[in-house]
Amino acid sequence: MARLSVDYHSPALMRTTTLDVILPIDSHDDALALDALRRSDPDTWERTPYPAMREPFPVLILLHGITGNHRDFISETRIRSWAERRGIAVIMPSGYNAFYLDQPATHNYFGRFVGQELVEFARRVFPISSRREDTFIGGISMGGYGALRNGFKYAENFGGIIALSSAMVAGRIDDVISDDLFFLNRPFLESTFGDLEHVADSDKDPARLAADVVYCDRPRPRVFMAWGTSDPLANPNRELAGRLQDTGIDVTQLELPGGHDWEFWNTALVRALDWLPVSMG
């Protein structure tokens with residue numbers, strides 16, 4: 001397992017951005033086999049090359065939540081060992097607090113960044129599959145919303161979407177306004193989503209984008225959604241899962257005990273990774 005920190009200049013963001021990347025390019029079993037050979041046949045071990053490259057890896061672009069960054073999953077979960085066991089590469093970008101939406105006025109095209117540019121960049125640089133069926137996008141909270149929005153907007157790039165405790169999926173975003181949290185006050189929401197009266201049924205509405213995918217006969221990403229029973233966002237997530245299914249999208253729903261926190265996400269993320277069509281090592 002290799003963990004990389006990659007800085008590159010993003011045309012979508014017009015600045016250098018940092019990614020955390022996990023690549024299962026070697027394994028514990030490989031190391032044990034080579035060590036056994038070293039002990040049993042030192043001469044052969046001296047001539048043995050590094051383990052041969054395997055097939056290109058399936059890849060998951062994993063999006064953090066509000067106030068987070070590209071290091072969150074490394075710090076808060078066992079994503080390294082989970083990815084290694086499944087032979088899957090994981091790419092974790094920073095989305096700041098932009099909900100992975102495009103902000104043309106400041107040239108912060110976060111939607112294009114995670115939905116298109118990052119996929120193309122990663123395929124050029126890392127040993128990952130170029131197949132849509134092997135490419136997935138997922139996230140927690142704000143990142144869950146970003147995965148749904150951009151997974152459907154750029155449906156040609158993704159075979160599956162993981163959305164855990166997705167934020168901003170209410171039928172009317174105006175209903176969530178509150179002065180208690182900075183990301184729920186009206187000025188922040190308007191600067192991020194634009195006119196709040198027109199978010200529903202726009203290209204910021206995952207259900208509308210999913211319907212467009214079906215109506216236009218585009219590739220249909222499969223969806224895994226999970227939320228905690230005590231999460232304030234549980235009901236909006238239930239409703240969105242139903243709306244997606246009504247459009248014809250294949251949705252796996254999972255409601256587990258828990259809230260809107262890392263304790264829940266650690267449990268749900270393992271279940272989501274098990275849902276992905278990848279083989280266990």
Legend entry - Contacts of Thr77 that satisfy side chain to side chain donor-acceptor pair (under 3.5 Å) - sequence neighbours left out: none

Legend entry - With Asp246 via side-chain contact (heavy atoms from CB on, under 4.5 Å) - residues at least two apart: none

Inset, instruction - Count the heavy atoms of every other residue, nucleotide or ligand shown that sit under 6.0 Å from CG of Asp7, and state whether that count exceeds 12. - result: yes

Legend entry - side chain to side chain donor-acceptor pair (under 3.5 Å) partners for Asp231, two or more places apart: His260

Inset, instruction - Please list, chain by chain and in numerical order, all residues satisfying side-chain contact (heavy atoms from CB on, under 4.5 Å) with Arg3, sequence neighbours excluded. - result: Asp20, Arg71, Ile74, Arg80

Inset, instruction - Go through Tyr215 and Thr247 one step at a time and tell me if the side chain to side chain contact (heavy atoms under 4.5 Å, CB included) criterion holds. - result: CA-CA 9 Å; Tyr215 179 77; Thr247 67; over 6 Å; no

Inset, instruction - Test side chain to side chain contact (heavy atoms under 4.5 Å, CB included) on Arg149 and Met168 and set out the steps. - result: CA-CA 11 Å; Arg149 189 267 181 178; Met168 302 310 173; over 6 Å; no

Inset, instruction - Check ring-ring contact (aromatic ring centres under 6.0 Å, His included) between Phe99 and all other residues, then give those that pass, not counting sequence neighbours. - result: Phe193

Inset, instruction - Please list all pairs passing the side chain to side chain donor-acceptor pair (under 3.5 Å) test where one or both residues lie in residues 152-161, with sequence neighbours left out. - result: Lys153-Asp203, Glu156-Arg218

Inset, instruction - Only counting residues at least two apart or in another chain, list the ones meeting side-chain contact (heavy atoms from CB on, under 4.5 Å) with Ser81. - result: Arg78

Inset, instruction - Check ring-ring contact (aromatic ring centres under 6.0 Å, His included) between His107 and all other residues, then give those that pass, not counting sequence neighbours. - result: Tyr109

Inset, instruction - Give a yes or no on whether Glu263 atom CD has more than 12 heavy-atom contacts from other residues, nucleotides or ligands under 6.0 Å away. - result: no

Legend entry - Heavy-atom pair of closest approach, residues Ile66 and Phe182: CG1-CZ, 4.1 Å

Legend entry - Heavy-atom neighbours of Asp195 CG exceed 12 at 6.0 Å: yes

Legend entry - Any residue meeting side-chain contact (heavy atoms from CB on, under 4.5 Å) with Gln103, in chain and number order, not counting sequence neighbours: Leu101, Thr106, Asn108, Thr192

Legend entry - Check ion pair Arg131-Asp134 (N to O, under 4.0 angstrom): yes

Side-chain donor/acceptor pairs under 3.5 Å, residues 118-126, sequence neighbours excluded:
from: Arg123; atom 1: NH2; to: Ser130; atom 2: O; distance (Å): 3.4
from: Arg123; atom 1: NH2; to: Thr135; atom 2: OG1; distance (Å): 3.0

Inset, instruction - Locate the shortest heavy-atom distance separating Asp102 from Arg112; write the atom from each residue and the value. - result: OD1-N, 3.1 Å

Legend entry - Residues in side chain to side chain donor-acceptor pair (under 3.5 Å) contact with Thr17, at least two apart in sequence or another chain: none

Inset, instruction - Specify the closest pair of heavy atoms between Leu233 and Ser165, including all atoms of both residues, with the distance to one decimal. - result: CD1-O, 4.0 Å

Legend entry - Phe183 and Asn97, any side-chain heavy atoms less than 4.5 Å apart: no

Acceptor/donor pairs from residues 221-230 side chains to any protein atom, 3.5 angstrom cut, sequence neighbours excluded:
from: Trp227; atom 1: NE1; to: Glu255; atom 2: OE1; distance (Å): 2.8
from: Ser230; atom 1: OG; to: Gly258; atom 2: O; distance (Å): 2.7

